[in-house]
Protein chains: 2
Amino acid sequence: MLAGDSCIVLTVKDPYLLGSFETIQKRATLSKDGLSQLIMKAKEGNQRPPRDVAELAEGERPTLKTIAFMAGLGVTTVSRALKDAPEIGQATKNRVQLIAKQIGYRPNRAGVRLRTGKTNVISLVLNAQSSIMGLTSNMVYGISEILSQTPYHLTVTPYSLENDPMQPIRYIVETGSADGIIMSRTEPDDARVRYLTEHGIPFATHGRTEMGIEHPFHDFDNEAFAYLSVKSLLAKGRRKIAMLAGPTPAVTYHRHLDRGFSRAIEEGAASAVAFSGIDVDTSLGRIRDRMEEIMSGSNRPDGIVCCSGGAAIALVAGIEAAGLKIGEDVDLVSKQSTDVLQWFRPQIIVFNEDVRHAGRELARAVLRRIAGVDARELQSLSYPDEHELR
Amino acid sequence: MLAGDSCIVLTVKDPYLLGSFETIQKRATLSKDGLSQLIMKAKEGNQRPPRDVAELAEGERPTLKTIAFMAGLGVTTVSRALKDAPEIGQATKNRVQLIAKQIGYRPNRAGVRLRTGKTNVISLVLNAQSSIMGLTSNMVYGISEILSQTPYHLTVTPYSLENDPMQPIRYIVETGSADGIIMSRTEPDDARVRYLTEHGIPFATHGRTEMGIEHPFHDFDNEAFAYLSVKSLLAKGRRKIAMLAGPTPAVTYHRHLDRGFSRAIEEGAASAVAFSGIDVDTSLGRIRDRMEEIMSGSNRPDGIVCCSGGAAIALVAGIEAAGLKIGEDVDLVSKQSTDVLQWFRPQIIVFNEDVRHAGRELARAVLRRIAGVDARELQSLSYPDEHELR
DNA sequence: TCCCAAATCTGAAACGTTACAGGTACGCTA
DNA sequence: TAGCGTACCTGTAACGTTTCAGATTTGGGA
């Protein structure tokens, strides 16, 4: 046994953790005069700084070798002890794990990655446009919440809408720069989903596809949202109802909205008014102006469904510019992903979409997919939850 | 010279790029019957799959070895040729670079990282709360815009306000998981700045410090913003002015706001009304309610400066709840980082803070800092740019 | 007493890259 | 023709990890 102070830079609180003096000495093939001396000697012995000695230069981090030296074991044993391999004795495992903890060992990601190909990275791929109201932020925070309890890091790769959405995906796959991918703006027939499935890369999508491929996803039930929205408008006696639709029909949730909307309209024998020329991707200025036009016209709706909090603000501006009052001349139901809407027009009926929760779900899904869980078990929906305020 | 089709999986468009048959043969020590045969033989020759042969299994990526084999050169030469080292002949460089391009070679990040310690990662560290209006998103997009033209990846590490802001920083430094850091919520005396400077880790902050350490930063000139805001209110004849201040005085920009505000108030001989109990970190609900109280009281301001677009919406709600009208009873100036504000209350005077631009500046700054540029050359301010709409 | 199996532990090799310390070939000078 | 410098290229080792194929020890049975 060696005294606790015999380590120079790295110290363990419990010196009995260290390898027996004889073992260490055998490894270092040095004379018998305490670990401190031993280390110094070892250092003088070699020409280059002895990295296999438990003294680390400024800024150097302990490695398996460091632990191996301290414990008087081989690196292999240490490696396995740290991951609880069955062929290592319990006593050794405890000893090794304690030393590792006490000297603050952390596996070198580059070493692991080079050897195993595992990157410990989850990549969030999203388009850089449509995210006025903190959608991206909350997604990032949700994902991070989950990843922070794991060895995974989160990298974010935005792409602009003018570019091919496949490009960042292909890059990740070709360079092997992530173990899993989370992506949004899912399309009914999504080339990325096909590509990733073919290549066997774990991923989860925010939104569903309709291509007969089972894959992990999380989605907000936009059909239910649209249905319930129309229902609330009907309940308020509204009869001529319009919807600011999801982005280009290419994106799946546009269809879900349509479906829910049409069903409710039909059930209520109400009439649908079309909003031509604008959708949720349109610039807020244009939405406002078009809205003013529409609401000043003869065939204006008396109830409106909007699927984005940001767009809703522009809608309100347009409605009010036309001289109408929300809650009197027209009612507005909107989805929101941050709690801004109700603070400025309490009459708006809001459904909250918890994007942070979506982030958590998606992160959990990719991780479990990476762990080999069947895709079908990693599909979840979250339901609109009405908060009519005041 | 070899025929173009002599490569099995990897092909180059210009077969003359390949090494001479003799060279390749020498390396492979095989008989003379074309590259295709040669590769097959090489494959049969060894027990394990011959990774040093220009045929790659499904999902395998070309490495330096692959190129070396194809070009009939050593890996070292290839490595250097690819980075334009002076000791490599121009002809060789061209040849190697062309092959690399044609077979789609990309350096293995884990290999580089393990060998050189360079991660090619920039880490964005931010707090997960205060970002209602797309602040985080735009920052991320701005940074990505710059990084996408470089080999750098962006990782995002949020931390919650309850936690120690040092923790993620320490993690990054201890595990060496990034080459540079971008962080926000800078404090006058910032422990992170001190720590990173001491450890010599490149970083850039969104916001300034006041601790005598020169470091890269980008900041919005909040002093000018507050000053100009008050000035515009004065110009509208407002005399009793209040400001919804920046988060806790711990954060530097709070001071800048104060300074600009006080100076303008003094110059205009106006009077400042204090907003007690709320700042920009307060929940929107609470801001709204408090605002209603204040604006219903006897000592209410007739001009208000607000430093966040999200908070401004809550302010407006409070003001209107008190039965007052923006632009008549009271004027409001606000900073905004997304163009939402003016669409719903055109009377609000807005100053745009271009966070995306800040992201670009910060990314450029860290990159140049990593490249060794002096910190003093990497400090920039952006100035408020008034847009009074309609 | 000897041998065998189980329980532990081990060194060497490999992942892809770069740095180090040469090596070879060529042309020029003496 | 020898000697030498230059231009160009090369093999080996190392970064930290895991995997492979043993090696060593221990205890028990014959």
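A, B, ... follow the sequence lines: proteins, then strands. Residue 1 opens every chain.
Within 4.0 Å of A/R80, counting heavy atoms only, lies at least one base atom of the nucleic acid. Heavy atoms of A/K93 sit nowhere under 4.0 angstrom from any nucleic acid atom.
Nearest-nucleotide mapping onto DNA chain D: of B/V78 and A/G111, the residue sitting toward the 5' end is B/V78.
The side chain of B/K65 places no N or O atom within less than 4.0 Å of a non-bridging phosphate oxygen (OP1 or OP2) of C/dT17. Considering only side-chain N and O atoms, B/T116 lies nowhere under 4.0 angstrom from the phosphate OP1 or OP2 of C/dT17. Look at A/T77 and you'll find a side-chain N or O under 4.0 angstrom from OP1 or OP2 of C/dT10. For the pair B/T76 and D/dG11, the criterion of a side-chain N or O lying under 4.0 Å from OP1 or OP2 is not met. Of the side-chain N and O atoms in A/T92, one or more sit less than 4.0 angstrom from OP1 or OP2 of C/dC9. Contact check, A/S79 against D/dT18: a side-chain N or O comes under 4.0 Å of OP1 or OP2.
If you measure from atom CZ of A/R113 to atom P of D/dT17, you get 15 Å, rounded to the nearest angstrom. Atom-to-atom, NZ of B/K83 to C1' of C/dA19 comes out at 11 Å; the value is rounded to the nearest Å. Between the CD atom of B/E87 and the P atom of C/dA25 there is a distance of 19 Å, rounded to whole Å. Across the protein-nucleic acid pair, A/D84 atom CG and C/dT8 atom P stand 13 Å apart, rounded to whole Å. For the pair A/N108 CG and D/dA14 P, the computed distance is 17 Å after rounding to whole Å. The distance from atom CG of B/L114 to atom P of D/dA13 is 17 Å, rounded to the nearest whole Å. In this structure, CG of A/L82 is placed 14 Å from P of D/dT19, rounded to the nearest angstrom.
The side chain of A/R115 sits closest to C/dA14 out of C/dC20, C/dC9, C/dA14.
When all heavy atoms are compared, the tightest approach of A/L82 to A/A100 is CD2-CB, 3.7 Å. Of all heavy-atom pairs spanning A/V121 and A/S177, the tightest one is CG1-O, 3.6 Å. B/P202 approaches B/R369 most closely through the heavy-atom pair CB-CG, 3.9 Å.
Side-chain N or O atoms of A/R95 include one that pairs as donor or acceptor with a backbone N or O of A/A71 at under 3.5 Å.
Here the options are A/D179, A/T155, A/T175, the test is side chain to side chain donor-acceptor pair (under 3.5 Å), and the partner is A/T119; only A/D179 passes.
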